[in-house]
Trainee: 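One structure is given below, represented as structure tokens, and several questions about it will come after.
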Amino acid sequence: MSVSEDHGATASSTTGNVTATNVTAANGSGAVGRATYGVVGGGIIGLAVARELALRHPGAEVVVVEKEPRLAAHQTGHNSGVIHAGLYYQPGSLKATLCIRGGALLREFSQQHGIDFQELGKLVVATNDAELEQLAVIEDRARRNQVPDLVRLDRAGMTEIEPHITGIAALHSPHTAVIDYRAVCEALAADLAARGGRVLLSSPVTAIRDEGDRVAVTAGGQTLRVDRLVACGGLSSDALAAMVDDPGDVRIIPFRGEYYHLREGLRDRVRGLVYPVPDPRYPFLGVHLTRDLTGGVHVGPNAVLALALEGYRWRDVNPRDLARVLTWPGMARLAREHWRNGLAEMAGSLSRRRFATAVRRYLPLVQAGDLTRAPAGVRAQAVRRSGELVDDFVIRTSGRVTVVRNAPSPAATSSLAIAEHIVGQLVGTAGRP
């Protein structure tokens, strides 16, 4: 890889078993004719893409640049760790096809690398007659997506699986699983390193420039020149798209998802994963219960507008981020149509009692005192200029640069398949390699 920098220093940092070393000054040190690839983002999608590039192009140089000092610092490291089975997604969509494929690849990768995952199973519970119609829609989609061993349950069948959960009907997906996605990222980065790839931490991208036959990426005070660049920036994807002059008609709106832990004395009331029937107007799944690998039970998330792209708390306010959100025409249209739901989500955020009320719909007797705050996450959700919440994955290529513009859940589940999809699309695009 051809690299230029204004200084001659070398810096390194280590995360887990992965050593991330900045590139020293070189005068076109890449071998003549050797393919070079850059990836922006040290979350699960960026690392999966980098590994896939190294797998498909042995001998190519692959480098990942990550602005944070550690991997999986944002969306990947702040979710409930679910390997989704593909129940909800429109058949034929990228979400549907890549979730099914990705789940299989993720299990295979985890088995090969000794990463623990547990198939705890998942119930989607209808608690009243009004939810039965939407439950039927989910069942139809799941069967068309060929979700394995899906079962429709009545009240008695549901009780056999989750004795403490109440409802009138449910779907059971026995192969929905939980995993530690940070551990997956560490393994992906180690696999990349074993194939000659590199991860540069603490290297925020400040400029991307198309030079015709190459792409120049300025990151962490250095300029790297690559044949192809794939940007998997999550919450920063708007800024990265602007650097390549391809803003498109979407804008990332940050929605904070807040979680609680269920107190230890109640954890045995939840055997696996329990979800409500989601509101079909939104790409969010509602407040649900997720048992993790250690036996703890997460409660959440909700979905409230964050006041910064990385706004994990109410007091995290970035005026520039907030101005970009509020001046986006799609945000005004979204707010006009859904302000009642937005206010309800805010009230739930500010009141633990309201959070407990949401859980009591399907897990009776839970009180506010049974919930303790857990770390929140922020979801990068694309919203169109029209105000439409973008449901599917969105991946755009402009010249030599591919930008992942929307990759919410089930992106972690789908990550290895998303990598296959992106790298496969690079074949035959304009220019070398």
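Everything numeric in this text was worked out from a predicted model, so none of it was measured.
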Trainee: How about T357 and R360: does a side-chain donor come under 3.5 Å of a side-chain acceptor?
Mentor: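 Yes, R360 and T357 have a side-chain donor paired with an acceptor closer than 3.5 Å.
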Trainee: Are any non-hydrogen side-chain atoms of H84 and S409 less than 4.5 angstrom apart?
Mentor: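 They are in side-chain contact.
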Trainee: Does the side chain of Y89 reach to within under 4.5 Å of the side chain of R141, using non-hydrogen atoms?
Mentor: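 When only atoms from C-beta onward are counted, R141 and Y89 do not touch, as no gap falls below 4.5 Å.
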Trainee: Are V299 and H261 side-chain neighbours, meaning at least one heavy-atom pair lies under 4.5 Å?
Mentor: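 Answer no - side chains too far apart.
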Trainee: Side chains of N302 and E345: donor-acceptor distance under 3.5 Å anywhere?
Mentor: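 The answer is no; no qualifying pair exists.
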Trainee: Strictly under 6.0 Å, is that where the ring centroids of H298 and Y260 end up?
Mentor: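 Between H298 and Y260, the centre distance exceeds or equals 6.0 Å.
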Trainee: Will you find, in the side chains of T206 and T218, an N or O donor that is under 3.5 Å from an N or O acceptor?
Mentor: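 Short answer, no.
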Trainee: Is the ring centre of F284 less than 6.0 Å from the ring centre of F255?
Mentor: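 Aromatic pair counts; centres sit under 6.0 Å.
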Trainee: Is the shortest side-chain heavy-atom distance between V215 and I208 below 4.5 Å?
Mentor: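 Answer yes - side chains close enough.
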Trainee: Establish, yes or no, whether a centroid distance under 6.0 Å links the rings of H78 and Y312.
Mentor: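 Yes, the ring of H78 comes within the 6.0 Å limit of the ring of Y312, centre to centre.
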Trainee: Any side-chain heavy atom of V184 within less than 4.5 Å of one from F109?
Mentor: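 Sidechains of F109 and V184: in contact.
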Trainee: Give a yes or no on whether R353 atom CZ has more than 12 heavy-atom contacts from other residues, nucleotides or ligands under 6.0 Å away.
Mentor: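 Not buried by this count: 12 neighbours or fewer within 6.0 Å.
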